[in-house]
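Shown next, in structure tokens, is the structure this report addresses.
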Amino acid sequence: RKRPPPTPDTVHPAKRQAGPPLTPPLQPIQAVPKALEGLQVVVSGVFPTLGGGVGLNEGKDAVAALLTESGASVKSGLGKGFYAAAADGRAFLLVGDRPGASKVDAALEHRVKRIDLDGLKRLLAGDALSDVGAAIIANLSDGYQKA
């Protein structure tokens with residue numbers, strides 16, 4: 001019996017290091033200068049379409065660079081100050097593929113807006129955070145697993 005071809009969701013992160021990426025990179029994302037000025041962002045999940053990195057860091061450097069170049073402040077985790085900024089409409093959780101359950105749960109509990117890559121593109125194009133719909137999260141990360 002033949003196995004189906006591998007996809008990003010079926011390949012163990014440790015095995016993604018070798019060979020070309022399974023998902024082709026997106027076209028460069030265009031941004032209005034300083035489109036995210038004054039916003040705080042926490043990133044969770046992976047972004048294979050942006051390229052770079054492996055395992056749980058796949059695409060994170062690329063997305064962090066895109067965020068900071070657009071004026072956002074990238075935070076490492078959720079906390080009291082971040083929740084206050086989210087309540088004022090100045091912060092959001094950027095979720096990629098397989099985001100971490102603890103960050104997603106905390107964001108839901110504290111009513112932090114969750115945005116996916118499509119929502120980020122809208123923000124970068126000049127849309128307001130309040131106009132971007134919440135991300136639909138289909139699957140959560142299994143967390144770090146040693147190969």
Side-chain angles (χ1 to χ4, degrees), residues 6-18 20-32 34-147:
T7 66
D9 291 332
T10 61
V11 174
H12 190 278
K15 293 184 179 178
R16 288 189 204 161
Q17 297 176 36
L22 295 173
T23 307
L26 291 175
Q27 295 297 322
I29 298 173
Q30 300 298 317
V32 171
K34 301 297 180 185
L36 305 179
E37 189 74 40
L39 293 177
Q40 295 179 28
V41 184
V42 171
V43 178
S44 185
V46 295
F47 301 86
T49 57
L50 297 181
V54 294
L56 296 179
N57 289 318
E58 189 173 18
K60 281 190 176 172
D61 288 342
V63 80
L66 182 61
L67 291 165
T68 55
E69 288 168 6
S70 299
S73 173
V74 180
K75 305 294 183 184
S76 59
L78 305 172
K80 190 175 181 181
F82 184 82
Y83 297 139
D88 292 340
R90 297 179 293 110
F92 64 93
L93 176 67
L94 178 63
V95 294
D97 296 342
R98 300 178 312 277
S102 62
K103 284 184 181 172
V104 170
D105 289 345
L108 287 168
E109 180 181 338
H110 293 277
R111 297 187 175 158
V112 173
K113 191 145 197 178
R114 294 147 333 272
I115 303 291
D116 59 15
L117 199 53
D118 288 334
L120 178 61
K121 288 179 194 175
R122 287 189 54 197
L123 291 175
L124 292 171
D127 287 359
L129 180 58
S130 60
D131 294 337
V132 176
I136 297 172
I137 301 168
N139 55 354
L140 297 172
S141 173
D142 294 332
Y144 177 76
Q145 296 177 355
K146 293 185 179 183

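- Leu78 has its side chain out of reach of His110: every pair of non-hydrogen atoms, C-beta onward, lies at least 4.5 Å apart.
- Note that the CG atom of Leu94 and the CZ atom of Phe47 stand 4.0 Å from one another [nearest 0.5 Å].
- Taking 4.5 Å as the limit, every side-chain heavy atom of Thr49 sits out of range of all side-chain heavy atoms of Asp97.
- Among all heavy-atom pairs drawn from Gly71 and Lys34, the shortest one is CA-CD, 4.3 Å.
- The shortest non-hydrogen separation linking Ser44 to Gly100 is OG-N, 2.8 Å.
- Between Lys103 and Val43 the shortest side-chain heavy-atom distance does not fall below 4.5 Å.
- Contact record, Phe92 with Phe82: O-CZ, 3.3 Å, taken as the closest heavy-atom pair.
- Heavy atoms only, all atoms of each residue included: Thr68 and Ala65 are closest at OG1-O, 3.2 Å.
- Residues satisfying the side-chain contact (heavy atoms from CB on, under 4.5 Å) criterion with Asp118, sequence neighbours excluded, are Asp116, Lys121.
- In plain terms, the two heavy atoms of Val74 and Ala64 that are nearest each other are CG2-O, 4.1 Å.
- At a threshold of 4.5 Å between non-hydrogen side-chain atoms, the residues Leu120 and Val41 do not count as touching.
- The distance from atom CG of Leu50 to atom CD of Glu58, rounded to the nearest 0.5 Å, is 9.5 Å.
- Within the 3.5 Å criterion, the main-chain N or O of Val132 finds a donor-acceptor partner in the side chain of Lys113.
- Applying the salt bridge (Lys or Arg N to Asp or Glu O under 4.0 Å) rule to pairs touching residues 64-88 yields Asp88-Arg90, sequence neighbours excluded.
- What you find for Ala86 and Ala91 is that their closest heavy atoms are N-CB, 3.6 Å.
- Val112 places none of its side-chain heavy atoms less than 4.5 Å from the side chain of Val42.
- Distance CG/Leu93 to CD/Gln40: 12.5 Å, rounded to 0.5 Å.
- Between the side chain of Ser70 and the backbone N or O of Leu36 there is no donor-acceptor pair closer than 3.5 Å.
- Here the CG atom belonging to Asp105 is positioned 7.5 Å from the CG atom belonging to Leu140, to the nearest 0.5 angstrom.
- Applying the salt bridge (Lys or Arg N to Asp or Glu O under 4.0 Å) definition to pairs two or more places apart or across chains, none involves residues 41-52.
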